[in-house]
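Scope of the values below: all heavy atoms of this structure, side chains included, with no hydrogens, waters or symmetry mates. Whatever order the structure lists them in is the order used to number ligands and atoms, beginning at 1.
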Amino acid sequence: MNITLSNGKVIPMEMHKVRIVQAIHLVPAARRLQAMEEAGYNTFLLRTKDILLDMLTDSGTNAMSDNQLAAMMVADDAYAGSESFYKLADAVQEILGFAYTIPVHQGRAAEHLLAKAFVKPGDVVLMNYHFTTTRAHFELAGATVLEIFTDEALNTQSTHPFRGNLDVLKLEDAIQKYGADKIPFVRMEATTNLVGGQPFSLENLRAVKKIAAAHHIPLVFDGSLISENAYFIKQREAAYADRSIREILAEMMELVDIFYMSARKSTSVRGGMIATNRKDYYDRILPWLPVYEGFATYGGMSIKEIEAMAVGLREMTDVNVAGISPEFIQYFVGRLQENGVPAVTPPGGLACHVDAKRFLTHIPQSEYPAGALAAAIYIASGIRSMERGTISTDRDANGNEVYADLELARIAIPRRVYTLSHIEYAVDRLTWLYQHRDLVKGLKFIEEPKVLRFFFGKLQPLENWGAELARAFEADFGPEC
Ligand code: F0G
């Protein structure tokens, strides 16, 4: 909940108290440099013992509630027919309004099953923006992914409230061009991860549905950050200011033919699901479930997490749960802006995104500015962020580099995990880094996997800049920090 202090300053206040904690440690800059070198300048390959604030992702790392943990203790661990599954199905019906629920072990498993059931070679899958695993699954099924975002989507210094909107004119054009029979579905991602956690409006979702329905094309909704997208609709779309998150969710879901989510984010558990009201779609997907995931009542998830997911689905409709990360991100972005550090605006969900193209103007995309920035942030602070730029975009079939639309260092805000002092520390070290940005140079691959190379790829700093940066840091802060 945003609270206005007596001096007019607005701060996000946590509407929860902390009752279980995990100790964290700050290893000195010299060790951070060594750890970064061991990790091949890839923050995915760091070990958490070397990390102070793990802001890699909010996926599976949000703090769970007392009620979620309590629910895990009463899980009905059966291979088939588990009552825990029926509790989840009831919650899905109550909150999202779908009659059929298919649990899967995480979001990309849902994408895999959707690709198996709906996507064939030569298809074109339309979407407001791709996510890495989404594109990989649909392309592996032989389809092309076509993103039809608005011009505003790629403006990192925008004031537009809904940069995640799909461009409806481009949607009409694409349907004319490819024909409805080549388009298995239109996918809307809430919120658009790689564009900086930017939401779409309910007005846009309604317009997309109208066009898709006119051509009998199903609307698929990736709800990985659904509660955050609903929170932004409440904040930024005038018609919904007085509506509850639950009401907004219900109105969104009325437009959706197939829903899926990584439950690791909005519901704060480790799992995922697909849900629909169409029996024919359910029957198409279900046969693949035991092949790749597990039986229909657990789908590869731990039953304990299924119990917690049922609770998490209801809890995410609380405005203080849906809004806490967006409010922290808004504060974080505002503080960086005060210090002149180029953060992406407007603040979105998931993370504070720093614009590497504006931060490191001297590094060309061929030398991966966002990857260099994520590595530099770690060396200067012990904070683990994630590259979301060209390294996260694989080469094309001919081996050519495909330059990403945006070069972002993503500093995720897992829900309810960190406090304002952590954010202030991050702001301070990022500001120091910005003042020393000339020390940071590019990266080059030394080990480059073909698919999803950002996970396991290893890189090297050009001109050994990591050591230079660590030395400058030590000179300012001493050997202990
Ligand atoms: N769709 C979106 C929009 C996502 O953000 C993610 C995951 C997935 C699908 C895949 O779900 O990880 O459960 O298999 N995003 C994570 C992240 C990995 O860090 O942003 P998953």
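The environment of Lys450 atom NZ is sparse: at most 12 non-hydrogen atoms of other residues, nucleotides or ligands sit within 6.0 angstrom. The 12-atom threshold is not exceeded at CZ of Phe456, counting heavy atoms of other residues, nucleotides or ligands nearer than 6.0 Å. For NZ of Lys87, the number of neighbouring non-hydrogen atoms (other residues, nucleotides, ligands) closer than 6.0 Å is greater than 12.
By the side chain to side chain contact (heavy atoms under 4.5 Å, CB included) test, Asp280 pairs with Arg278, sequence neighbours left out. With sequence neighbours excluded, the residues satisfying side chain to side chain contact (heavy atoms under 4.5 Å, CB included) with Glu237 are Phe162, Ser201, Leu202, Glu203, Ile233, Tyr240.
At least one heavy atom of Arg410 sits less than 4.0 Å from an atom of ligand 1.
Each of the atoms 11 (O), 13 (O), 14 (O), 21 (P) of ligand 1 lies under 4.0 Å from some heavy atom of Gly107. Heavy-atom proximity to Glu111, at under 4.0 Å, picks out these atoms of ligand 1: 1 (N), 9 (C). Atoms of ligand 1 found under 4.0 Å from any heavy atom of Thr57 (numbered from 1 in listed order, with element): 17 (C), 19 (O).
Scanning the protein for heavy atoms near atom 6 (C) of ligand 1, the closest one is Phe131 CE2, 3.3 Å. Protein heavy atom at the shortest distance from atom 12 (O) of ligand 1 is Arg108 NH2, 2.7 Å. For atom 5 (O) of ligand 1, the closest non-hydrogen atom of the protein is Asn193 ND2, 2.8 Å. With respect to atom 1 (N) of ligand 1, the closest heavy atom belonging to the protein is Asp222 OD2, 2.6 Å.
The ring of Phe185 has its center closer than 6.0 angstrom to the ring center of Phe138.
For ligand 1, the polar-atom distance check against Ser262 finds a nitrogen or oxygen pair separated by under 3.5 Å. Close N/O approach between Gln106 and ligand 1 is found [any backbone or side-chain N/O within under 3.5 Å]. Taking distance alone, with nitrogen or oxygen atoms compared against 3.5 Å, Thr134 stays at or beyond that limit from ligand 1. Taking only nitrogen or oxygen atoms, main chain and side chain alike, Thr133 does not reach within less than 3.5 Å of ligand 1.
Ring geometry for His422 versus Tyr418: interplanar angle over 60°, hence perpendicular rather than tilted (30 to 60°). The aromatic rings of Tyr129 and Phe149 sit tilted relative to each other, their planes meeting at an angle between 30° and 60°. Ring geometry, Phe454 versus Phe44: the interplanar angle falls from 30° to 60°, so the pair is classed tilted.
Among Arg270, Arg264, His130, Lys265, the residue whose heavy atom lies nearest to atom 16 (C) of ligand 1 is Lys265.
Contact annotation: for Glu189 versus ligand 1, heavy atoms closer than 4.0 Å belong to the side chain alone.
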